There are 2 protein chains.
Amino acid sequence: MPYPAKLTAEKILKVALELFERGGPDALAMRPLADALGVRPSSFYRYYPERAALLGALEAHATSKLHDAICRAAYGKAPDAAFFAAAYSYLDYARAHPHLFALLLGPRAPYTAEPGPGKDLWNEVLGIVGAITGNSDDTAATVAFWAFLHGFALLERSGQFGVSGPKGGFERGLRALLEGFGVN
Amino acid sequence: MPYPAKLTAEKILKVALELFERGGPDALAMRPLADALGVRPSSFYRYYPERAALLGALEAHATSKLHDAICRAAYGKAPDAAFFAAAYSYLDYARAHPHLFALLLGPRAPYTAEPGPGKDLWNEVLGIVGAITGNSDDTAATVAFWAFLHGFALLERSGQFGVSGPKGGFERGLRALLEGFGVN
DNA sequence: GTCTATACTCTGATAGAC
DNA sequence: GTCTATCAGAGTATAGAC
């Protein structure tokens, strides 16, 4: 009977993404996902061998979207402006998609495409930072920049800091890094 | 019959800590915890109303230990030396206790003592940064410093970067911040 | 080749007896 | 204060219907 098949990997991923974006990891349960697809829970094990594979696919999606956002934000800008634009688009993504963002630097799971979209994202940021420091392969500075962006997004999400505190800290850190990268 | 009680909140926390440090959140399940305590799973709901409360207590413990480590590392040092010492002890804690560390800036849960040990830790770092910038209540710079430390620890743990990359990035970022804080 | 039915083991949590 | 008994829900494996 099932010609064409009711399920495809893409359809599953699309619905999984919706559930995950609203409710986070807890909302992405196999049974509700099956209900939303009009199917039985065991059905999509043909497409994703386990739940973690689904999460891995979501992480790849998030990485790709973040990459797109940063590319758009930095495109055609002078080095300093691109640096700030990339930073703010990173933060914007974390705010707009908190659950997907939380997937990004999680403890290393399987189902993480090592040389996948993560590599593209890295190279994009590497280029932006390189334009500032004058070293087109400045791994150390890129790591430092990335660490600051990611850490700040988490601090903000944790809610441990007031409203004014984090906001000022972002600008302050960015300017300090920019300044410091130029000097060293 | 049970006089004195077999359980106390401290005993439970101690065993929970052991399980959690070895195996992370998944290893802290109620039944194994009960077995380790020679007790039935339902028994410690008298002491911790739910599993999340136990995790909250572990987070408070982690915060307190990290605070101690940073205090010890920075004690009696000149501003710049204290800055680096605090940074490295933060990183060391993240490496030595990866699971506990992951609890630290998680999404805000209940059972998080808002004005608890977190406040002490914050004030300690605030003092260290203030000694550098000359402003004893430099919230923005402290947030920036903290964001960098936490982000770097996560980048490293994620394993997405080679061995040499992150290492150099830590020093690079710290020096850039130190430099930039002085200038701005 | 695709999906369903069923069942198994695990989880956190609760009610009430002792 | 701890027990027994039980619950609903999770992820997953397998056999077989179509």
Side-chain angles (χ1 to χ4, degrees), chain A residues 1-59 99 102-103 106-112, chain B residues 1-60 99-100 102-103 106-112:
Chain A
M1 223 205 285
Y3 291 106
K6 296 161 76 175
L7 292 174
T8 62
E10 289 72 26
K11 260 198 261 190
I12 296 171
L13 190 60
K14 179 171 172 290
V15 176
L17 181 63
E18 286 166 11
L19 289 178
F20 189 84
E21 286 241 52
R22 310 198 197 297
D26 293 353
L28 182 52
M30 303 311 249
R31 268 163 261 246
L33 179 60
D35 291 348
L37 284 158
V39 131
R40 292 305 180 170
S42 51
S43 299
F44 34 58
Y45 281 86
R46 301 262 163 214
Y47 301 87
Y48 295 93
E50 58 187 13
R51 199 182 93 107
L54 215 38
L55 290 173
L58 289 180
E59 180 189 349
H99 294 125
L103 243 38
R108 222 66 238 119
Y111 305 111
T112 313
Chain B
M1 225 204 286
Y3 291 107
K6 298 160 76 173
L7 293 175
T8 62
E10 290 73 27
K11 258 197 264 190
I12 296 171
L13 190 60
K14 180 171 170 291
V15 176
L17 181 64
E18 287 166 10
L19 289 178
F20 189 84
E21 287 240 50
R22 312 198 196 296
D26 293 354
L28 182 53
M30 303 309 249
R31 267 161 263 247
L33 180 60
D35 290 349
L37 284 159
V39 132
R40 292 304 181 167
S42 53
S43 298
F44 34 58
Y45 282 86
R46 296 265 164 214
Y47 301 87
Y48 295 93
E50 57 187 16
R51 199 184 92 108
L54 214 39
L55 289 173
L58 289 179
E59 180 189 349
H99 295 125
L100 281 174
L103 242 37
R108 222 66 238 117
Y111 304 110
T112 313

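The structure presented is a predicted model; accordingly, all values stated were derived computationally and were not measured. Naming convention: chains lettered A, B, ... in sequence-line order (proteins, then strands); numbering from 1 in each chain. Computed over heavy atoms, backbone and side chain alike; hydrogens, waters and symmetry mates excluded.
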Original post:
Tyr48(B) has an atom OH; how far is it from atom C1' of dG12(C), in whole Å?
Top reply: 17 Å
**OP:** Would you kindly give the CG-to-C1' distance between Leu54(B) and dT11(C), to the nearest whole Å?
**Re:** 15 Å
Original post:
With a 4.0 Å cut-off on heavy atoms, is Arg40(B) in touch with a base, just the backbone sugar-phosphate, or nothing at all?
Top reply: base
Subject >> Validation row: Leu103(A), Phe20(A) side chains within 4.5 angstrom (heavy atoms) >> reply: yes
Subject >> Ala36(A) versus Val15(A), closest heavy-atom pair with distance >> reply: CB-CG1, 3.7 Å
Hey, what are the protein-to-nucleotides 10-14 of chain D N/O distances that come in under 3.5 Å?
unit_1, atom_1, unit_2, atom_2, d
dA10(D), N7, Arg31(A), NH2, 3.1
dG11(D), OP2, Met30(A), N, 2.8
dG11(D), N7, Arg31(A), NH2, 2.2
dG11(D), O6, Arg31(A), NH2, 3.1
dT12(D), OP2, Tyr45(A), OH, 2.9
dT12(D), OP2, Arg51(A), N, 3.0

Original post:
Among residues 13-25 of chain B, which residues get a heavy atom nearer than 4.0 Å to DNA chain D?
Top reply: none
Original post:
Do any N or O atoms from the side chain of Tyr47(A) and from the backbone of Leu7(A) form a donor-acceptor pair under 3.5 angstrom?
Top reply: yes
Subject >> Spatial distance of atom NZ (Lys6(A)) from atom CD1 (Ile12(A)) [nearest 0.5 Å] >> reply: 11.5 Å
Subject >> Short side-chain N/O contact from Lys6(A) to OP1 or OP2 of dT4(C), under 4.0 Å >> reply: yes
Original post:
Which part of the nucleic acid does Tyr47(A) contact within heavy-atom distance under 4.0 Å: base, sugar-phosphate only, or nothing?
Top reply: sugar-phosphate
Original post:
To the nearest Å, how far apart are Leu7(A) CG and dT4(C) C1'?
Top reply: 12 Å
Original post:
Are Arg22(A) and Glu18(A) ion-paired here, with the side-chain N under 4.0 Å from a carboxylate O?
Top reply: no
Original post:
Of the non-hydrogen atoms in Met30(A) and Phe44(A), which two are nearest, and what is the gap between them?
Top reply: O-CZ, 3.6 Å
**OP:** Check whether any side-chain N or O of Lys11(A) sits under 3.5 Å from a backbone N or O of Leu37(A) as a donor-acceptor pair, and report yes or no.
**Re:** no
Original post:
Which value, rounded to the nearest 0.5 Å, describes the distance between Leu13(B) atom CG and Leu33(B) atom CG?
Top reply: 10.0 Å
